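Since this is a predicted model, take the numbers as computed values, not measurements. So that the names make sense, note that chain A is the first sequence line, chain B the second, and so on, each numbered from 1.
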Amino acid sequence: MEYKFTDIEKNCKDFWKKENIYKVDIDTTKPKFYVLDMFPYPSGAGLHVGHPLGYVASDIYARYKRLKGFNVLHPMGYDAFGLPAEQYAIETGTHPAITTDTAIKRYREQMDKIGFSFDWSREVKTCDPNYYKWTQWIFLKLFNSWYNREKNKAEPIETLISGFETYGCTTGWKQFDPQLHPEFSAEDWKSFSKKQQERILQFYRLAYRSYTEVNWCEALGCVLANDEVKDGKSERGGYPVTRKRMRQWSLRITEYADRLLDGLNTIDWSESLKDQQRNWIGRSEGALLQFHVPGAEFLLEVFTTRIDTLFGATFLVVAPEHEYMQQLITDEQRPAMEEYLAYVGSRSDIERQQEKAVTGCFTGSYAEHPFTGIKIPIWTAEYVLAGYGTGAIMAVPADDERDRKFAEKFGLTVIEIIDKTMYEGATIEDKLGKMINSDFLNGMEVKDAIEEMIKRVEEMNIGKRQVNYKLRDASYSRQRYWGEPFPIKYEVQGDTDSPFVIEDDQDEADIPVGLDESQLPVELPQVESYKPSGDGRSPLATNADWVAKNLETDTMPGYAGSSWYYFRYMDPQNNTAFAGKEAVDYWQNVDVYFGGSEHAVGHLLYSRFWHKVLFDLGYAPTEEPFKKLVNQGMIQGVSSVVYRVNGTKIFLSKGIIDKVLNSTIYNISEVVDQVNLQLGYQAFDGQGNTTVAAAKVPMEEAAAAGMTLLNHTIKNISALNIDISFVSNDELDINEFRRWRNDYADAELVLDNGKYICGSAVEKMSKSKYNVVNPDDVIAQYGADCFRMFEMFLGPIEQSKPWDDKGISGVSNFLKRFWRLFYDDKGWRVTEEAATPAELKVLHKTLKKIGEDIEKLNLNTSVSAFMIATNELTALKTNKRAVLEPLLIALAPFAPFATEWLWGENGFKNQGSIHQTAFPQFDEKYLTESEFDYPVSINGKVRAQVKLSLDMDAQEVEKHILGLEQVTRWTNSATPKKFVFVKGRIINVVV
RNA sequence: GCGGGCGUGGCGAAAUUGGCAGACGCACUAGACUUAGGAUCUAGCGCCGCAAGGCAUGGGGGUUCAAGUCCCUCCGCCCGCACCA
């Protein structure tokens, strides 16, 4: 019987569905295992072969763990809120829910073809009110919690309120920060209006509203989080992003900076990913130092990691946007400063980053050096960022590259303060050297000097130890329609006269109030237009009913729904909790998480943050959501390109391009001669103007007409992507090509040996590059099992690699050969005979290897192991069930369809599914032979093979080796000096 | 500049963690069967050499009986961050 995957796949799918074999429930008799994939955003384009790579790997792993006796949770769902559906809605008026629904159906169809073992009864969609009810619920928890730095955990806001009621908020309390609000007593607190109290609470809530500098994307009409901005452009769409001051919801992720850092040491993620998170959090230890500015009412604070270099600080630099800038500018310097500030304002972030020009201007003011009393000038410069530290630095040109450049350009004083002569090659970051010209620090090592200086400034009360982070609170408002509404309404309050004038707070007369849990979900209403209003308000602001209820009109960002979805899978139907306690206690957290590294500082950081909050509040049983993380690589597309001579319809075959670009041929006529063809070309009139556009003119005629072939004609070529379906083995199907575009119908193709050969390029799979390979097509041609195994066979899972449709035949052949172990021309050939030692050795060797490989997720080598086993068993003509059955089970995670079918066939257990059996154990005893060949090295080179047997003792082994002809030949001596033993066996003879 | 990763045939890649380098697959070559082959089977396939043998894991050096693997150094590639004080 032939291997007919189409029939097999259909039958298996029906069987699995009927028997519901992938349904999973809490089972306390088995250990749990949670295998999760990052759920996809259902885009209209459907899946390409790159998307399922991680899903296939996780499915193999999940199926394997199931066979190993674990109760495996392996769910799938959709991250369904997001910009593309909304952009589409703006353009077409189609409700995003409809677009999303269509896309989800398509995704589901495609995934079903691949044979995943997802428990679809646990499917989640973030845009489903039954789901986002709990996203809103968690938001309320964030809103109604604060971070207690003494206990180092989040607590309900009530504990803070009762603290205020009892003690007030004064300098005695560790968390009091006079920069946020003035102190108040318990009596003060009680006398405050609700609004006044709320203003203060906003400084502590984990979800809060405040004015912040946000990344504003005009084209999207929306605010973006830092991780959604790449190189000054929006990650989605690539539109320019500017900075804008807006009142926004934010999440106080910064309180968790240290715990997010420390947690990294407890989880099994790749170093590069952990480093990305570390880098993003950007913890740096240093000190805060205040400078007295004579005549000013304020102290100028700087942050430095090198307070030891204070005696080398010869000027200060403040960011152009610094809050005290106006006070620092003297009348004398005002014209120059205004000019400079205007210049800085005119430069975009991208310009600032790209041309790191040394620019700056003197403010006119001076600060006093705290120890020497010397007047040190205060400058402003672009290279000091308002958003980091205090927005001001003390410049030490002797020990800092940028400060030195700045000092050189503007002729500022340089004082050498560190003698590094004894540490050759040490960099500034190494913090090595001896202090000089530094008064009481002289002679100290840098590291000691830092400690000493901190001690001194703390004593003088002008500075303190300080840890600084790059991490900012996460922007949480989006002025969009297609997202979760906030469970927040505004209560109108009459008073605007707070005793605390807290920056530009006065314009908000209303106070945000969290809705009651019982009012959830707050469902997304219908709106007439999905367009952002343009004035920074969301489409919801156009819904009269919504506005009348005073509900928040912004929606939550894309990462809201994805920050906790792994919990919902544990108990997706629950109406009284985000997931029931029983389910959460049983499933705990994700054991292995598969997904792309593009979420390194977005989703993966936010999830960890949310998880820690839920942990603090007692809802999560663990500190971390994802124990192990596997970053699957991307499968790239292999695009085909044709080479078009610019401004013509002439297309040159690759061979011709290569000849021209790689060789000595620069004259187009030589090329034409070589390929024995006429070529259209441009000619010019002798005055340098091109007068004749591409024309197919025989060379002689052209010469007679006085036209000259131009070298640049052939050099001036564009590579154009064309649909990869027109190309096979790099050869272009010319007819298809001509039919593709009207423009190409009359293209002139310059061939190479009668063929048009295309170039190729490896790039991201995308519609616009015409290089998308649809898994449906691959499955139709080779079957789902082959597709799955080939994706794994392509290379290590973490690695990015191009899709190579040629290689797939190898896996296809393997499956056919494997099939023929069970069926030949005459039919079923499996017998009940006892297996031979040789057969058992193949079996157990393979089982061992497969088990180890899957555990380590070396899925490419495990596919190889199956190929080797099949080759060897084919050579042995094996037809014993004792060998084939265990091998079949081992293959089941990889090829679920073919194995299920064979399992249900003649002679095999005719009941149940192969996917509910047990993974076969290997037995070491079949692997060791009593006799074996061992390589004998002589002075490190393998010179001979010797047949040894297990019962030989060392002396006998020695005798065998010395008896070898090669040994006497190579040693020139009958008595070698030494035998080298490895694992009890002699493997080398040293002369 | 800083941090992380990597460099092995024509190609994708293996290599028990220091122990027969190139498993497995693609491509290629030859042969068999065939009306045919984008089917199947057999054999070959790093380089030099008729062979014996020698040389080979980016280059150079070192440790070791033994190095793709460990150490030093140089070169090259990929990813992330980047005026972070």
Side-chain angles (χ1 to χ4, degrees), chain A residues 231 270-280 282-284 286-287 302-307 309 313 316-317 319 352-353 355-359 381-385 387-396 399-403 405-406 427-429 468-470 597-598 600-601 631 633 728-729 789-790 793-796 798-802 804-814 816-817 820 848-849 852 858 860-871 874 933-945 976-983 985 987-991:
Chain A
D231 302 324
S270 73
E271 269 316 302
S272 77
L273 202 81
K274 288 184 188 179
D275 274 337
Q276 280 185 56
Q277 292 212 344
R278 289 190 188 110
N279 208 315
W280 189 259
R283 181 189 158 100
S284 90
V302 302
F303 174 76
T304 175
T305 55
R306 293 298 304 276
I307 195 158
T309 62
L316 302 185
V317 189
R352 265 170 94 155
Q353 275 168 25
E355 343 149 356
K356 294 177 179 171
V358 182
T359 67
E382 280 186 286
Y383 80 88
V384 174
L385 307 173
Y388 184 77
T390 61
I393 62 157
M394 61 176 216
V396 183
D399 207 47
D400 183 285
E401 188 77 18
R402 294 152 306 166
D403 296 348
K405 276 188 191 148
F406 195 81
T427 63
I428 294 164
E429 284 74 30
N468 207 12
Y469 301 91
K470 273 196 268 183
S597 56
E598 66 272 20
V601 291
N631 278 138
S728 100
N729 274 331
M789 292 192 81
F790 180 60
F793 186 69
L794 225 39
E798 305 88 354
Q799 217 164 84
S800 287
K801 52 237 159 180
D804 163 30
D805 54 344
K806 288 188 217 98
I808 197 165
S809 62
V811 176
S812 181
N813 285 342
F814 153 73
K816 288 182 206 160
R817 286 162 66 102
R820 280 201 295 274
K848 184 179 182 200
K849 173 96 174 121
E852 288 168 356
N858 291 338
N860 56 329
T861 49
S862 47
V863 175
S864 292
F866 280 115
M867 291 178 172
I868 295 167
T870 303
N871 291 347
T874 303
D933 286 324
Y934 221 81
V936 176
S937 307
I938 296 154
N939 281 350
K941 287 255 184 284
V942 176
R943 303 291 185 190
Q945 298 279 333
K977 285 194 197 107
K978 194 170 122 195
F979 288 88
V980 180
F981 289 85
V982 169
K983 291 172 196 156
R985 293 173 190 171
I987 65 150
N988 196 7
V989 186
V990 186
V991 188

Using atom [atom1] of each nucleotide, how far apart are [N] and [M] to the nearest Å?
{"N": "B:C71", "M": "B:A27", "atom1": "C1'", "answer": "39 Å"}
{"N": "B:U17", "M": "B:A13", "atom1": "P", "answer": "24 Å"}
{"N": "B:C48", "M": "B:A43", "atom1": "P", "answer": "24 Å"}
{"N": "B:G53", "M": "B:A21", "atom1": "P", "answer": "14 Å"}
{"N": "B:U34", "M": "B:A14", "atom1": "P", "answer": "41 Å"}

Measure the distance from [atom1] on [X] to [atom2] on [N] and round it to the nearest whole Å.
{"X": "A:Lys801", "N": "B:C77", "atom1": "NZ", "atom2": "P", "value": "24 Å"}
{"X": "A:Asp399", "N": "B:C83", "atom1": "CG", "atom2": "P", "value": "20 Å"}
{"X": "A:Lys470", "N": "B:G80", "atom1": "NZ", "atom2": "P", "value": "15 Å"}
{"X": "A:Phe814", "N": "B:C41", "atom1": "CZ", "atom2": "P", "value": "14 Å"}
{"X": "A:Asp400", "N": "B:A85", "atom1": "CG", "atom2": "P", "value": "9 Å"}
{"X": "A:Glu798", "N": "B:G4", "atom1": "CD", "atom2": "P", "value": "18 Å"}
{"X": "A:Trp280", "N": "B:G3", "atom1": "CH2", "atom2": "C1'", "value": "16 Å"}
{"X": "A:Asn858", "N": "B:U16", "atom1": "CG", "atom2": "C1'", "value": "12 Å"}

Tabulated below should be each protein N or O lying under 3.5 Å from an N or O of nucleotides 7-11 of chain B; please produce it.
none

message: Would you say A:Gln799 places a side-chain N or O within less than 4.0 Å of OP1 or OP2 belonging to B:A13?
response: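 So the side-chain polar atoms of A:Gln799 do come within 4.0 Å of the phosphate oxygens OP1 or OP2 of B:A13, strictly under.
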query: Using a cut-off of less than 4.0 Å, is there contact between a side-chain N or O of A:Arg820 and OP1 or OP2 of B:A39?
result: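 So the side chain of A:Arg820 is outside the cut-off, no N or O lying under 4.0 Å from OP1 or OP2 of B:A39.
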message: Under 3.5 Å for both pairing distances: what stems, at least three Watson-Crick or G-U pairs long, include RNA chain B?
response: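 Correct response: B:1-7 with B:75-81, B:10-12 with B:24-26, B:28-32 with B:40-44, B:46-48 with B:53-55, B:58-62 with B:70-74.
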field: salt bridge (charged side-chain N to carboxylate O under 4.0 Å, His left out) partners of A:Lys801, counting only residues at least two apart
entry: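 Counting only residues at least two positions away or on another chain, A:Lys801 forms no salt bridge (charged side-chain N to carboxylate O under 4.0 Å, His left out).
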Under 3.5 Å, is there a donor-acceptor pair between the side chain of [X] and the main chain of [Y]?
{"X": "A:Ser270", "Y": "A:Leu273", "value": "yes"}
{"X": "A:Asp400", "Y": "A:Asp403", "value": "yes"}
{"X": "A:Ser812", "Y": "A:Ile808", "value": "no"}

Table of protein N/O atoms under 3.5 Å from nucleotides 23-29 of chain B N/O atoms:
| from | atom 1 | to | atom 2 | distance (Å) |
| --- | --- | --- | --- | --- |
| B:G25 | OP1 | A:Asn871 | ND2 | 3.1 |

RNA chain B contacts made by residues 270-278 of chain A, counting heavy atoms under 4.0 Å: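 RNA chain B contact set from residues 270-278 of chain A: A:Ser272, A:Asp275, A:Gln276.
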query: With respect to the side chain of A:Pro796, which nucleotide from B:A13, B:A85, B:C84 is positioned closest?
result: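 From the listed options, B:A13 comes nearest.
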query: Closer to the 5' end of RNA chain B via nearest nucleotide, is it A:Gly391 or A:Leu794?
result: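 First, find each residue's nearest nucleotide; the 5'-ward one identifies A:Leu794.
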message: Reading RNA chain B from 5' onward, which residue's closest nucleotide shows up sooner: A:Met394 or A:Lys849?
response: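 By nearest-heavy-atom nucleotide position, the 5'-most residue is A:Lys849.
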Quick check: closest heavy atoms across [X] and [Y], and the distance to 0.1 Å?
{"X": "A:Phe814", "Y": "A:Phe866", "result": "CE1-O, 3.4 Å"}
{"X": "A:Glu382", "Y": "A:Thr359", "result": "OE1-OG1, 3.0 Å"}
{"X": "A:Asn858", "Y": "A:Thr861", "result": "O-OG1, 3.0 Å"}

query: A:Asn279: what forms a side-chain contact (heavy atoms from CB on, under 4.5 Å) with it, not counting sequence neighbours?
result: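 Applying side-chain contact (heavy atoms from CB on, under 4.5 Å) to A:Asn279 gives A:Lys470.
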